[in-house]
Each structure stands twice: as C-alpha cells, then as structure tokens.
Amino acid sequence: QELPETVLLKFFRPENTPVPARPTPEQLSNLIKTSLHYPESFNHSFNQKSLCLVPVTLLLSNCSQAVVDVMIDLRHKPTSSEALEIHGSFTWLGQTQYKLQLKGQEVYSLQLKACFVHTGVYNLGTPRVFAKLVDQVTLFETSQQNSMPALIIINNI
C-alpha cells in the first residue's frame, strides 16, 4: 500500500496585522513598576531629638517602550483606623507631589525623607503613582499597581 504524499505546511502572517489602537486598562496600570528602598529597622534616640528622619528611595521603572508621564502623590494616608493602629502614622518631608517624564525602559530614582515621632512599625508603601502615555489624550492618569506593604521598624536607643 502506498503512503499518501506529505505536504509541507506553510505558516504566514498577513503584512497588515492590526495593531491595537489603545492599550487596555490592565496594560495602562502596569506602565510603571515602583519599589521602595529603605532600612528594615532604624535606631533613633527620641530623647535627644524628637524627630526621626529616615532616607527612603522610590525607584520608578518604565516597563514600556513608550515615553510616559508620571505623577507621584505622597499626600495619601491610610484611611482605615486598623491600618493606623498597626502601623502608626508618619509624614513625608519636603515636596508632596512630583511630575516627571520617563523614556522607554528608563529607571528613575527619587530621594524621599520619612519623618517619625514615635517608635513602632510603619508602612512606607503610601506613595500613589499615576502614569499615562505621553501621546495619549486623557485627562486622568491611570493609577499604577501598588506593591506590597513596605514595613519599617523604628527603635528608640
């Protein structure tokens, strides 16, 4: 019995593949990846100086190839009383809002200062980051995915 002749399969892609005109909300909320860099614990003598200042670096990474407008808002406070009981309240010193532009794949380092008046465990993960593509005509930037809580322990020495 004769085997049927084998035919090579050809795979082809049409040249004018439609490109999605606008990114999905999911894509827009993942334009900027943020990470906070700070000491896990910080020793301070509250008897000598009532304010404890801790340097914190907010690292912003543009995950897209496009130029992105970024807005950082440090004025956000946890609203639930439970969050305040667990982590206590602290203040960001200096400028409370930043607007910057990141080129495709650019990483930007923003130096911040957190101010504490008591010992305790605090969540530094309060900055809100918004982003939009530069060429996108929108009134509002898309809120970026928030990372995990960023806990710091403030000790009295």
Side-chain angles (χ1 to χ4, degrees), residues 18-157:
V19 176
R22 107 186 350 210
T24 64
E26 169 89 22
Q27 290 169 319
L28 286 176
S29 67
N30 288 298
L31 289 173
I32 302 294
K33 181 175 171 261
T34 60
S35 60
L36 285 167
H37 299 269
Y38 56 93
E40 278 182 33
S41 66
F42 196 84
N43 296 327
H44 178 79
S45 174
F46 285 96
N47 298 335
Q48 289 179 359
K49 207 170 176 194
S50 60
L51 295 180
C52 170
L53 303 181
V54 178
V56 177
T57 302
L58 175 61
L59 212 59
L60 303 153
S61 307
N62 183 351
C63 297
S64 75
Q65 299 294 334
V67 180
V68 175
D69 279 329
V70 182
M71 203 272 282
I72 299 120
D73 188 357
L74 300 177
R75 297 169 303 170
H76 178 66
K77 294 280 177 231
T79 49
S80 75
S81 58
E82 189 181 301
L84 284 172
E85 283 170 29
I86 297 169
H87 308 299
S89 185
F90 72 97
T91 306
W92 292 107
L93 280 193
Q95 195 173 328
T96 57
Q97 284 188 312
Y98 297 84
K99 286 185 193 260
L100 40 117
Q101 204 171 74
L102 295 181
K103 296 182 186 79
Q105 303 293 309
E106 184 180 352
V107 177
Y108 185 84
S109 177
L110 188 61
Q111 302 305 315
L112 305 171
K113 278 214 183 314
C115 178
F116 305 90
V117 292
H118 300 291
T119 60
V121 178
Y122 296 87
N123 179 12
L124 294 176
T126 60
R128 289 192 302 177
V129 178
F130 302 91
K132 75 177 188 67
L133 299 172
V134 166
D135 55 8
Q136 197 179 25
V137 186
T138 28
L139 293 173
F140 301 103
E141 292 95 346
T142 306
S143 181
Q144 299 303 288
Q145 295 284 336
N146 211 343
S147 54
M148 299 294 285
L151 300 180
I152 184 172
I153 302 165
I154 303 298
N155 299 308
N156 189 20
I157 51 168

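Here L53 contributes atom CG and L112 contributes atom CG; the two are 12.5 Å apart, rounded to the nearest 0.5 Å. Atom CG of N155 is separated from atom CZ of F42 by 10.5 Å, given to the nearest 0.5 angstrom. The distance from the CG atom of L74 to the CG atom of L58 is 8.0 Å, given to the nearest 0.5 Å. With rounding to the nearest 0.5 Å, the separation of SG in C63 from CD in E106 is 12.5 Å. The NZ atom of K33 sits 8.0 Å away from atom CG of L59, with the distance rounded to the nearest 0.5 Å. The distance from atom CD1 of I72 to atom OG1 of T96, rounded to the nearest 0.5 Å, is 11.5 Å.
At least one side-chain heavy atom of L51 sits under 4.5 Å from a side-chain heavy atom of V117. Counting only heavy atoms from C-beta outward, the side chains of F90 and I154 never approach each other to under 4.5 Å. With a 4.5 Å cut-off on side-chain heavy atoms, L60 and L100 count as touching.
Under the 3.5 Å distance criterion, the side-chain polar atoms of N156 are left unmatched by any main-chain donor or acceptor of T119. Between the N123 side chain and the A150 main chain, a donor and an acceptor come within less than 3.5 Å of each other.
Other residues, nucleotides and ligands contribute over 12 non-hydrogen atoms within 6.0 Å of the NE2 atom of H37. Few gaps surround CD on Q111; more than 12 heavy atoms of other groups in view lie less than 6.0 Å from it. The number of heavy atoms from other shown groups lying within 6.0 Å of CD (E40) does not exceed 12.
Nearest heavy-atom pair, T57 versus S109, reported as atom, atom and distance to 0.1 Å: CG2-OG, 3.2 Å. Between S89 and Y122, the shortest heavy-atom contact is O-CE2, 3.4 Å. The minimum heavy-atom distance linking L124 with W92 is given by the pair O-CZ2, 3.5 Å.
S64 is linked by a side chain to side chain donor-acceptor pair (under 3.5 Å) to N62, counting only residues two or more places apart in sequence or in another chain.
When each of V70, V67, V68 is tested with Q101 by the rule side-chain contact (heavy atoms from CB on, under 4.5 Å), just one qualifies, namely V67.
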